[in-house]
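Comments concern the structure below.
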Amino acid sequence: MQRSRAAEPIAMGSHQNGAYQDLDSLVSIIKPLIRKLANKFERQCAVKWIRKLRDESASDSSQRRLCCAYAQDLLRVSRNGQLASPFNKPPPQDRLSPLAHSKGHDDSLSALEDDTFNIPSLTTHGQ
């Protein structure tokens, strides 16, 4: 049985290692979300960011990974219907700098499970 393209999951953690490896796939998901942004300036900024990410991703594999990380963040914030920094302003003219959480979203999610956050386990039922 062949899966239809619409049935494929698009959540951040749905792919291997919790990240998309293909910038074009990310962009195809982001574009419709950008069209829905209410603020015209934010839509223009998002388009500029996509162009920047596509241009820079052609340089080398480490820059490609960085561009995918930026695109993942752009996807995350555009799903909220309003852009957040750094995407709420045009991209820089020079090369992109590494993201503060460039290790990936999986690391940030695993930090939530860390005991230092004192989050009770769902399996303890208040014990």
Side-chain angles (χ1 to χ4, degrees):
M1 182 172 165
Q2 187 177 6
R3 252 171 58 175
S4 73
R5 194 155 175 84
E8 292 181 24
I10 60 171
M12 290 305 293
S14 64
H15 292 283
Q16 185 178 15
N17 298 327
Y20 292 93
Q21 298 301 314
D22 179 16
L23 184 62
D24 290 332
S25 296
L26 282 164
V27 169
S28 69
I29 296 167
I30 294 169
K31 279 184 175 182
L33 297 172
I34 289 172
R35 288 185 197 112
K36 293 179 183 179
L37 292 173
N39 185 299
K40 181 180 178 180
F41 179 74
E42 286 188 348
R43 287 192 305 270
Q44 291 170 340
C45 286
V47 168
K48 289 176 184 178
W49 271 99
I50 288 173
R51 287 182 187 141
K52 174 78 170 177
L53 296 175
R54 282 187 163 161
D55 290 347
E56 285 207 19
S57 69
S59 60
D60 60 48
S61 62
S62 65
Q63 201 64 12
R64 226 178 347 269
R65 283 190 300 273
L66 180 61
C67 289
C68 281
Y70 270 93
Q72 289 169 9
D73 273 0
L74 180 56
L75 172 61
R76 181 181 50 79
V77 299
S78 61
R79 281 184 170 158
N80 294 330
Q82 185 175 13
L83 297 185
S85 182
F87 307 108
N88 56 353
K89 56 188 173 200
Q93 294 295 321
D94 41 336
R95 286 187 78 153
L96 295 172
S97 57
L99 294 166
H101 61 284
S102 62
K103 291 182 180 179
H105 295 284
D106 287 343
D107 289 349
S108 62
L109 291 176
S110 65
L112 291 175
E113 298 166 358
D114 189 357
D115 291 337
T116 60
F117 281 95
N118 296 321
I119 300 173
S121 171
L122 295 175
T123 58
T124 61
H125 301 291
Q127 294 177 348

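What's counted below: heavy atoms across the whole structure, side chains too, no hydrogens, waters or symmetry copies.
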Exactly one of Leu33, Ile30, Leu74 should register a side-chain contact (heavy atoms from CB on, under 4.5 Å) with Arg79. Which one does? Leu33
Supply the atom-to-atom distance [X] [atom1] to [Y] [atom2], rounded to the nearest 0.5 angstrom.
{"X": "Asp55", "Y": "Ile50", "atom1": "CG", "atom2": "CD1", "answer": "12.0 Å"}
{"X": "Asn88", "Y": "Leu37", "atom1": "CG", "atom2": "CG", "answer": "11.0 Å"}
{"X": "Ile29", "Y": "Ser78", "atom1": "CD1", "atom2": "OG", "answer": "10.0 Å"}

Specify the closest pair of heavy atoms between Pro98 and Leu66, including all atoms of both residues, with the distance to one decimal. CA-CD1, 3.7 Å
Please give me the minimum heavy-atom distance between Ser57 and Cys67, naming the atom from each residue. N-SG, 3.6 Å
Can you name the side-chain hydrogen bond (donor to acceptor under 3.5 Å, both in side chains) partners of Glu56, sequence neighbours left out? Lys52, Gln63
By the salt bridge (Lys or Arg N to Asp or Glu O under 4.0 Å) test, which pairs, at least two apart or in different chains, include something from residues 23-46? Asp24-Arg54
Residue pairs passing the salt bridge (Lys or Arg N to Asp or Glu O under 4.0 Å) test where at least one lies in residues 87-97, sequence neighbours excluded: Asp60-Arg95
Indicate the ring-plane relationship of Tyr70 and Trp49, choosing parallel, tilted or perpendicular according to the 30° and 60° boundaries. parallel
Can Ser61 and Arg65 be said to form a side-chain contact (heavy atoms from CB on, under 4.5 Å), step by step? CA-CA 6 Å; Ser61 62; Arg65 283 190 300 273; 3.9 Å; yes
Using the rule that Ile, Leu, Val, Met, Phe, Trp and Tyr join whenever any side-chain heavy atoms are under 4.5 Å apart, tell me whether Ile34 and Phe41 fall into a single cluster. no
